[in-house]
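A short worksheet on the structure shown next.
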Protein chains: 2
Amino acid sequence: MATSTRRPERREQPLSRERIVEAAVELLDTAGEGGLTFRALTERLATGPGAIYWHVANKGELLGAATDAVVAAALALEPAAPTAPTAPTGHAGSPQEGIRAVALGLFEAIDAHPWLATQLSGQLSRSPSGPVAPRIFESFGRQVGALGVPERDWFTATSVLVHYVLGAAGQNAANAASARALGPEVDRAEILGTVARAWGDLDPDDYPFTRAVADQLREHDDREQFLAGVDLVLTGITARLR
Amino acid sequence: MATSTRRPERREQPLSRERIVEAAVELLDTAGEGGLTFRALTERLATGPGAIYWHVANKGELLGAATDAVVAAALALEPAAPTAPTAPTGHAGSPQEGIRAVALGLFEAIDAHPWLATQLSGQLSRSPSGPVAPRIFESFGRQVGALGVPERDWFTATSVLVHYVLGAAGQNAANAASARALGPEVDRAEILGTVARAWGDLDPDDYPFTRAVADQLREHDDREQFLAGVDLVLTGITARLR
DNA sequence: ACCTGAACACCGTTCAAGT
DNA sequence: ACCTGAACACCGTTCAAGT
């Protein structure tokens, strides 16, 4: 059933860690978290499990490497603030715009690779000194500094941004994955309609609020909603922290 | 190694869905997400896999039921706003306090049951009309209404709260789980110290910000930080949405 | 140094058979 | 109606053996 039509890989290029990671990302993207198995990987790479284990310690390390690769690509696209205080571009890019850009970069990376959300929060906690956590922290943090937040609040302000962005993007990705699991014939509008109707049918005594927002759930745009949330957090930061 | 000393269950009470769910929660709490297997469950309940499958459709449904049970218990402890507009307690409980209480209830539930974070975001997307999503939405939403947010912004404001709380609490739970995985002899302070040192040793050109907040990472209190984030979001909501 | 592929222990799930 | 337990297909990982 899930036997996708896939070139069995041209082979000839020798196996390498990069080729394995690349294949892992493709499997995760097309078949979801459960789609990455050593069986599928060996088939795709026309090799045996032992060959993969020679380049990679275990599945966890492979997932970590896949996460690194995708995040690096996503955050590399952001200008990420100049390293030196050169080029006075005037007000060209405000810190707010910078934060929105970083947030949107992560949002879109997670949207394109839904498995990333789970992996990211695991990675941030399992190896907080690995390449991913500092990269994300640095991307948001520089702009937080530029915002005029006093240094003693940097960690708090940046943490809130990271948590909101990962929480919202992760929920969005989970939604998309669930939708996809229902098959390609059901679209977003249909699902939202069904959920909105269910919310509208809740008990008026127990769920007055949830009933009242059913229509807003149906009409909302994920990306717009996400950015509205970023702006809300930004407002909170500038209002309370200097 | 992981052969925990466990009463093989007094048995005699017949098997039931509730007893299975209860055992599942205990397994998840003591052994983590990977600790819930039908093998461990049959041993704990002194029965065979077929018996469990008679009460529960599959592992996914079992995880969902475990999530329901824990969330219901956590949010039931919150007053959750009076059903009827009785008892004018004056300014006793402000909407802000109500939101903090709901947020803290979820934070602590996730802290006590780290597997909950992953399950919750899955549950919210897989069955948004199930018992969990409306319950969480309603708990936050009523207070958002009481805050004076105009109705057309209810969904946005409440979503941001939910996303921040689940994102932050989830990250916190992942941190705790990773710490526990290192063994009981390493404590929080030790881990934070190691990470802070690693951050402090980063390249000054590439990671000036992350280096600068290394000390704040070491000193921070998780719960305090979480509540500061809730207040930040709350400030954003009241400042921008009426 | 790099790869092969059989084998191991473990997993979720099914199902004929019992009571 | 409720439970038993062997069996199936699948998983991550290991390792002796090859080149």
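Letters A, B, ... are given to chains in the order of the sequence lines, protein chains preceding strands, and every chain is numbered from 1.
- Near DNA chain C, meaning a heavy atom under 4.0 Å from it, residues 57-65 of chain B has Asn58(B), Lys59(B) in order of number.
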Response to the item:
Note, DNA chain C 5' to 3' with Watson-Crick or G-U pairs under 3.5 Å encoded as ( ), [ ], | and . gives ||.|||||...|||||.||
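- In this structure, Leu15(A) atom CG and dT4(C) atom C1' are separated by 12 Å, rounded to whole Å.
- Computed from coordinates, the Arg39(A) CZ to dC11(D) P distance equals 6 Å when rounded to whole Å.
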Item to complete: Could you walk me through whether His163(A) and Val160(A) pass side chain to side chain contact (heavy atoms under 4.5 Å, CB included), step by step?
Response: CA-CA 5 Å; His163(A) 289 152; Val160(A) 174; 5.9 Å; no
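- Using a 4.0 Å heavy-atom cutoff across all strands shown, Ile52(A) reaches no nucleic acid atom at all.
- Sorted by first then second residue, the side chain to side chain donor-acceptor pair (under 3.5 Å) pairs that include residues 176-187 of chain B, not counting sequence neighbours, are Ser125(A)-Ser178(B).
- Across the C1' atoms, dC10(D) and dA9(C) are found 13 Å apart, a figure rounded to whole Å.
- Contact check, His55(B) against dA1(D): no side-chain N or O comes under 4.0 Å of OP1 or OP2.
- When each of Thr118(A), Leu120(A), Leu62(A) is tested with Thr67(A) by the rule side-chain contact (heavy atoms from CB on, under 4.5 Å), just one qualifies, namely Leu120(A).
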Identify every side-chain donor-acceptor pair in residues 68-76 of chain B under 3.5 Å, counting partners at least two apart or on other chains, and give the distances.
{"residue": "Asp68(B)", "atom": "OD1", "partner": "Gln123(B)", "partner atom": "NE2", "Å": "2.6"}

Worksheet entry | side chain to side chain donor-acceptor pair (under 3.5 Å) between Ser121(A) and Gln171(B), worked out | CA-CA 6 Å; Ser121(A) 86; Gln171(B) 191 57 55; 4.5 Å; no
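- Candidate nucleotides dG12(C), dC3(C), dT14(C) were compared by shortest atom distance to the side chain of Pro49(B), and dT14(C) ranks first.
- One can place CD of Glu43(A) at 15 Å from C1' of dG5(C), the figure rounded to the nearest angstrom.
- Residue Leu41(A) contributes atom CG, which lies 14 Å from atom C1' of dC11(D) at whole-angstrom precision.
- Annotation: salt bridge (charged side-chain N to carboxylate O under 4.0 Å, His left out) contacts of Glu190(B) (sequence neighbours excluded): none.
- Straight-line distance from the CG atom of Leu27(B) to the P atom of dC11(C): 11 Å, rounded to whole Å.
- Distance CZ (Phe38(A)) to P (dC10(C)): 18 Å, rounded to an integer number of Å.
- Side-chain atoms of Glu61(A) do not come within 3.5 Å of backbone N or O of Val56(A) as any donor-acceptor pair.
- In terms of heavy atoms, Gln225(B) sits closest to Ser159(A) at NE2-OG, 3.1 Å.
- By the side chain to side chain contact (heavy atoms under 4.5 Å, CB included) test, Phe140(A) pairs with Ile99(A), Val102(A), Ala103(A), Leu106(A), Ile136(A), Thr158(A), Leu161(A), Val162(A), Val165(A), sequence neighbours left out.
- The nearest whole Å value for the distance from the OH atom in Tyr53(A) to the C1' atom in dG5(C) is 14 Å.
- Each of Leu36(A) and Gly50(A) was matched to the nucleotide of DNA chain D holding its nearest heavy atom; the match closer to the 5' end belongs to Leu36(A).
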